[in-house]
Visitor: 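Let me give you the structure first, and then I'll get to my questions.
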Amino acid sequence: MQWARIEPLLPDRMPGRGGRWRDHRQVIDAIAFKYRTGCPWMDLPAEFGSWKGAHNRLRKWAADGMWERIFTALLAQADAEGDLDWTGTRLISRSTSRSCKGR
């Protein structure tokens with residue numbers, strides 16, 4: 001279910017130059033594993049492929065805003081489907097924020 005939501009948001013696996021990108025799912029699984037376990041990039045299990053490929057894709061997508069676009073789209077989908085509960089959400093006004101800085 002999660003992958004079905006994420007996959008259509010990802011870029012084409014044939015970048016403008018160079019060769020074909022490795023499977024996006026394998027790369028996202030590698031990135032998730034790295035952050036879930038806290039292991040160093042170089043210690044990623046071989047099942048995730050090259051750690052350099054996963055690290056480079058993470059950096060590239062961060063630099064070009066891909067992660068932000070994915071998150072925004074997933075948040076909008078979840079909100080549209082009623083999967084988010086906004087009742088506990090609180091906005092902090094600018095005046096409150098300014099008054100706290102002086103303490």
Side-chain angles (χ1 to χ4, degrees):
M1 175 67 172
Q2 293 171 348
W3 182 248
R5 289 180 179 219
I6 295 171
E7 187 176 25
L9 304 172
L10 299 173
D12 186 12
R13 286 188 43 212
M14 291 295 287
R17 47 181 193 161
R20 184 177 172 92
W21 271 347
R22 186 167 93 223
D23 180 36
H24 288 318
R25 187 172 190 162
Q26 184 185 37
V27 171
I28 290 175
D29 286 346
I31 294 166
F33 180 86
K34 187 266 185 279
Y35 284 106
R36 187 175 59 246
T37 65
C39 79
W41 282 107
M42 293 177 63
D43 293 341
L44 278 176
E47 70 192 65
F48 297 119
S50 163
W51 69 268
K52 288 180 184 178
H55 181 259
N56 288 340
R57 189 103 44 103
L58 171 71
R59 290 180 55 227
K60 179 184 179 345
W61 287 357
D64 71 9
M66 178 59 65
W67 292 115
E68 187 173 347
R69 289 190 298 276
I70 290 170
F71 178 75
T72 300
L74 292 174
L75 188 63
Q77 285 176 14
D79 191 28
E81 293 172 7
D83 292 339
L84 298 178
D85 179 7
W86 295 100
T87 58
T89 304
R90 187 179 105 186
L91 297 176
I92 300 174
S93 72
R94 288 181 182 221
S95 60
T96 305
S97 175
R98 278 190 219 114
S99 65
C100 292
K101 288 181 181 178
R103 293 182 188 166

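Every heavy atom of this structure was used, including side-chain atoms; hydrogens, water molecules and symmetry mates were not.
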Visitor: Quick one: does any side-chain atom of W67 pair with a main-chain N or O of L58 as donor and acceptor, under 3.5 Å?
Guide: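 Yes, W67 side chain to L58 backbone: donor-acceptor pair under 3.5 Å.
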Visitor: In Å, rounded to the nearest 0.5 Å, how long is the span from CD1 of I70 to CD of E7?
Guide: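 Separation between the atoms: 11.5 Å.
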Visitor: Among R57, R59, K52, find the one that has a side-chain contact (heavy atoms from CB on, under 4.5 Å) with H55.
Guide: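 Only match with H55 under side-chain contact (heavy atoms from CB on, under 4.5 Å): R59.
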Visitor: If I take atom CG from residue D29 and atom CD from residue E47, how far apart are they, to the nearest 0.5 angstrom?
Guide: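 That separation rounds to 8.5 Å.
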Visitor: Tell me if the CD atom of Q26 is crowded by more than 12 foreign heavy atoms within 6.0 Å.
Guide: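 Yes, the 6.0 Å shell around CD holds more than 12 heavy atoms from other groups.
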Visitor: Under a 4.5 Å cut-off applied to non-hydrogen side-chain atoms, are I6 and L10 in contact?
Guide: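 The answer is yes; the side chains approach within 4.5 Å.
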Visitor: For L44 versus A30, what's the shortest heavy-atom pair and its separation?
Guide: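 The pair with the smallest heavy-atom distance is CD2-O, 3.7 Å.
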Visitor: Please report the shortest heavy-atom distance between I31 and A54, naming the atom on each side.
Guide: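 Shortest heavy-atom separation between I31 and A54 comes out as CD1-O, 3.9 Å.
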Visitor: Could you give me the CA-CA distance, side-chain angles and deciding distance for F33 and R36, then say whether side-chain contact (heavy atoms from CB on, under 4.5 Å) is met?
Guide: CA-CA 5 Å; F33 180 86; R36 187 175 59 246; 3.5 Å; yes
Visitor: Is it the case that the ring center of W61 lies less than 6.0 angstrom away from the ring center of H24?
Guide: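 Under 6.0 Å, so yes.
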Visitor: At what distance, to the nearest 0.5 angstrom, does CH2 of W41 lie from CZ of F48?
Guide: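 Here the rounded value is 10.5 Å.
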Visitor: CG/L84 to CG/L75 distance, rounded to the nearest 0.5 angstrom?
Guide: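 So the gap between those two atoms works out to 5.5 Å.
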Visitor: Give a yes or no answer on whether the side chain of K34 reaches the backbone of C39 with a donor-acceptor pair at less than 3.5 Å.
Guide: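 Yes: the side chain of K34 pairs with the backbone of C39.
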Visitor: Report the C-alpha distance between D43 and T37 in whole Å, list the side-chain angles of each, state the deciding distance to 0.1 Å, and finish with yes or no for side-chain contact (heavy atoms from CB on, under 4.5 Å).
Guide: CA-CA 11 Å; D43 293 341; T37 65; over 6 Å; no
Visitor: When rounded to the nearest 0.5 angstrom, what is the spacing between CD in Q77 and CG in L9?
Guide: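 Interatomic distance, Q77 CD to L9 CG, rounded to 0.5 Å: 6.0 Å.
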Visitor: Whether D83 and R5 form a salt bridge (side-chain N of Lys/Arg under 4.0 Å from carboxylate O of Asp/Glu) is what I want to check.
Guide: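 D83 and R5: salt-bridged.
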